[in-house]
Engineer: 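Before I ask anything, here is the structure I am working with.
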Amino acid sequence: MIVTTTESVVGRDIEVTLGAVRGNTIRARNVGRDITQGLRNIVGGELKSYTGLMAEARDEARDRMVAEAEAMGADAVVGVRYVTAEVTQGAAEILAYGTAVKLVGDADADDDAESASASNADVA
């Protein structure tokens, strides 16, 4: 499955637009992590524990979006975007969304197209 933030896939034409797809997850902080990260916040620097938590959440949201696209028979998801919103104090939703498309040609060409569009690919 090709996943890209661009509106097209380099070297491939879009045959059919299948529709919007999305994946989301809601993640909450934990008390132990809050204490250690609170101390880090006082002295400054990256809150690595939270960085990891958000990276995992983005990956999960992306995987759910891809699963929805695959269920529709898509070869790719184009125009991928991420949105983060606070749901409640200490919990945030990560939403990944894009457009599921069917590409012209056979699936064997997907590996070549994926390599060609690597600079445009969404890497979370």
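Heavy atoms only: backbone and side chains are in, while hydrogens, waters and symmetry mates are out.
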Engineer: Please assess Arg27 against Glu93 for the test salt bridge (Lys or Arg N to Asp or Glu O under 4.0 Å), listing each intermediate value before the final yes or no.
Structural biologist: CA-CA 6 Å; Arg27 294 292 176 102; Glu93 176 187 34; over 6 Å; no
Engineer: Tell me, do Val80 and Thr4 make a side-chain contact under 4.5 Å, heavy atoms counted?
Structural biologist: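 They are not in contact (no side-chain heavy atoms under 4.5 Å apart), so the answer is no.
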Engineer: So, do Met1 and Asp75 sit near enough that their side-chain heavy atoms are less than 4.5 Å apart?
Structural biologist: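 No; the side chains remain at least 4.5 Å from each other.
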Engineer: Under 3.5 Å, is there a donor on one side chain and an acceptor on the other for Thr6 and Ser8?
Structural biologist: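 Short answer, no.
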Engineer: Is any side-chain heavy atom of Thr99 closer than 4.5 Å to a side-chain heavy atom of Val101?
Structural biologist: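 Thr99 vs Val101: side chains touch.
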Engineer: Can Leu103 and Ile14 be said to form a side-chain contact (heavy atoms from CB on, under 4.5 Å), step by step?
Structural biologist: CA-CA 5 Å; Leu103 301 172; Ile14 294 174; 4.1 Å; yes
Engineer: Looking at Arg12 and Val104, what are the two nearest heavy atoms and their distance?
Structural biologist: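 Where Arg12 meets Val104 most closely, the heavy atoms are NH2-O, 2.9 Å.
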Engineer: Any side-chain heavy atom of Leu95 sitting closer than 4.5 Å to one from Tyr82?
Structural biologist: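 No, side chains not in contact.
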Engineer: I need the Thr25 OG1 to Glu56 CD distance, nearest 0.5 Å.
Structural biologist: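 Here the interatomic distance stands at 10.0 Å.
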Engineer: Is there a continuous path of hydrophobic side-chain contacts, each under 4.5 Å between heavy atoms, that joins Val16 to Val3?
Structural biologist: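 Linked within one cluster.
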Engineer: Is a side-chain N or O of Arg81 found less than 3.5 angstrom from the main chain of Gly98, in a donor-acceptor match?
Structural biologist: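 Side chain of Arg81 to backbone of Gly98: no pair is present.
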Engineer: To the nearest 0.5 Å, what is the distance between CD on Glu15 and NZ on Lys102?
Structural biologist: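 One gets 7.5 Å once the value is rounded to the nearest 0.5 Å.
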Engineer: Can you give me the closest heavy-atom contact between Met72 and Val21, atom names plus distance?
Structural biologist: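 Looking at all heavy atoms of both residues, the shortest contact is SD-CG1, 3.3 Å.
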Engineer: For a salt bridge (charged side-chain N to carboxylate O under 4.0 Å, His left out) with Glu60, tell me which candidate from Arg62, Arg58, Arg64 qualifies.
Structural biologist: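 The residue from Arg62, Arg58, Arg64 that satisfies salt bridge (charged side-chain N to carboxylate O under 4.0 Å, His left out) with Glu60 turns out to be Arg64.
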Engineer: Taking all heavy atoms of Ala69 and all of Ala100, pick out the closest pair and write down the distance.
Structural biologist: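 For Ala69 and Ala100, the tightest heavy-atom pair comes out as CB-CB, 4.1 Å.
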Engineer: Of all the heavy-atom pairs spanning Ala28 and Leu53, show the shortest one and how long it is.
Structural biologist: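 It is O-CD2, 4.2 Å.
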Engineer: Closest heavy-atom contact between Leu18 and Gly73?
Structural biologist: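 Taking every non-hydrogen atom into account, CD1-C, 3.9 Å.
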Engineer: I'd like to check Asn24 versus Ile94 (side-chain heavy atoms, cut-off strictly below 4.5 Å). Are they in contact?
Structural biologist: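 Not in contact.
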Engineer: Show the numbers, then the answer: is there a side-chain contact (heavy atoms from CB on, under 4.5 Å) between Val78 and Val9?
Structural biologist: CA-CA 7 Å; Val78 298; Val9 176; 4.0 Å; yes
